[in-house]
Number of protein chains: 2
Amino acid sequence: MTERRKPAGQPDKRRAIVAGALTLFARDGYTRAGLDAIAAEAGVSNRTIYNHFLDKAELFQTVIQESTQRVAGTMVDIIDRHLSKVVDLEKDLVDFGLAWIGVLTSDLAPHFALIRQINAEVEHIPPAALKLWQETGPGRTRRELAERLHRLAERGDLAIADPARAAGHLMLLISADNLTDRADLHDEDALRAMVTAGVRAFLHGYGR
Amino acid sequence: MTERRKPAGQPDKRRAIVAGALTLFARDGYTRAGLDAIAAEAGVSNRTIYNHFLDKAELFQTVIQESTQRVAGTMVDIIDRHLSKVVDLEKDLVDFGLAWIGVLTSDLAPHFALIRQINAEVEHIPPAALKLWQETGPGRTRRELAERLHRLAERGDLAIADPARAAGHLMLLISADNLTDRADLHDEDALRAMVTAGVRAFLHGYGR
DNA sequence: TAATGAATGCAATGAGCGGTGTAATCGGGT
DNA sequence: ACCCGATTACACCGCTCATTGCATTCATTA
């Protein structure tokens, strides 16, 4: 059960390969991203990749796992930083939202292109791997956010029956324009407007 | 300017090709879907495809356009049917939402797999084609929904400052679980719970 | 310095795929 | 019966790509 990964190869090379693979998988997708291109991007020989990974599929899976964990960590940090002590609910939620979508344009941006690739190939990925990703990635951040919202509800700041569902709603509303249009992620004003509108909808709804 | 499409080939063959191509493009994506497989799925010779289409890219574009128009038409119908005359706002919105996500499991289902493919390859698609798709597909349905919501707001049933944005929010909230988890689209009770929760969030929010 | 494992360059294999040419066949209209 | 365009089966070209084998070089350590 305790399968030990072969520690073959030097760690810096391995990191370079994974980083380069992330870049190309994110830009071109699994099929289009050639191993020669990945090797070039990583500044490494084609042949070396096979010293570190069994085949292309294993490399892909590794890239997903490492990237997912890193991004999930960042997200959880943002949640904790912005929603630990809340004074002005709307303002703090907006600040949280801006930090949240800020990740989409950070150096972690390629990750989300990778997610789109996964989403497209969802039929061809073994359900176990998919489940694992769900759990350690979006699942983890959603649980963390749900926990925070639950605390706020207990304090009386929010009226939440199902924290997990509320967390899902908040995440969607914050970055709504990204999913409908393709929003301009570099227009600071537009971003603030989007997040603010999302937070207000989350707090008050549109009912009369 | 008025480019006439070559009417070469028999219409039923052409329809079979487009239908088969939709199936395989949706399941396997643009790159993985081979022309031989498409031909087999359509019950047609490989060579025949090139009687109707210039190349794989043109076939893909045709599939997208036709599928998009069909689905957008269906969506607009649903909007009109459920939101023309509203008596019980929450109930009518829930019914609307159920019909809306019902499309995701209908015979139009492959379309949305195709959308995921587009979304993944968004970097490799000419922006003009992307814009066109945006406009005739989701853009059209969102405008239609926004228009309906605007009427309801004028009537005093809703308080909406930006109808387009509200429409986007409603669409997201209705099918929230599909985007976070991978929801079970065949559990009737779960679907109703999801939609109801989304509609309530849309109407009242979570604020205290 | 000797030895060992890692990395590299190069070549090659085998498969899959987009696209084309061609000749034979089919089917409806005259 | 004849015609003509559409369709088909088949063979083929050129290309890309994952994967491997092999010989060579490099770096570190004993």
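Keep in mind that what you see is a predicted model, and the values were worked out from it rather than measured. First the proteins, then the strands, lettered A, B, ... as listed; each starts at 1.
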Rounded to the Å, how far apart are [X] [atom1] and [N] [atom2]?
X: Lys13(B); N: dG5(D); atom1: NZ; atom2: P; value: 19 Å
X: Ile17(B); N: dT7(D); atom1: CD1; atom2: C1'; value: 10 Å
X: Ile49(A); N: dT8(C); atom1: CD1; atom2: C1'; value: 13 Å
X: Glu58(B); N: dG18(C); atom1: CD; atom2: C1'; value: 15 Å

Listed partners of [X] passing side-chain contact (heavy atoms from CB on, under 4.5 Å), at least two apart:
X: Asp12(A); answer: Gln10(A), Arg15(A)
X: Asp55(B); answer: Ala57(B), Glu58(B)
X: Ser175(B); answer: Ile101(B), Asn178(B)
X: Asp184(B); answer: His186(B), Asp187(B)

Check your understanding: Does Thr48(B) put a side-chain nitrogen or oxygen below 4.0 Å from OP1 or OP2 of dT8(D)?
Key ->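 It does, given that an N or O in the side chain of Thr48(B) lies less than 4.0 Å from OP1 or OP2 of dT8(D).
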
Exercise for review: Output yes when at least one side-chain N/O atom of His52(A) is less than 4.0 Å from OP1 or OP2 of dA6(C), else no.
Suggested key: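 For dA6(C), OP1/OP2 do not have a side-chain N/O of His52(A) under 4.0 Å.
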
Check your understanding: Looking at Leu83(B), Leu170(B), Val86(B), which hits side chain to side chain contact (heavy atoms under 4.5 Å, CB included) with Arg148(B)?
Key ->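 Result for side chain to side chain contact (heavy atoms under 4.5 Å, CB included) with Arg148(B): Leu83(B).
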
Identify whether the distance between the nearest side-chain nitrogen and carboxylate oxygen of [X] and [Y] falls below 4.0 Å.
X: Arg70(B); Y: Glu66(B); result: no
X: Glu135(B); Y: Arg140(B); result: no
X: Arg32(A); Y: Glu121(B); result: yes

Exercise for review: Indicate for each nucleotide in nucleotides 23-30 of chain D, in 5' to 3' sequence, whether protein heavy atoms under 4.0 Å reach the base (B), only the sugar-phosphate (S), or nothing (-).
Suggested key: --------

Review point. Nucleotide by nucleotide, 5' to 3', does protein get under 4.0 Å of the base (B), only the sugar-phosphate (S), or neither (-) in nucleotides 13-21 of chain D, counting heavy atoms?
Key: -----SBBB

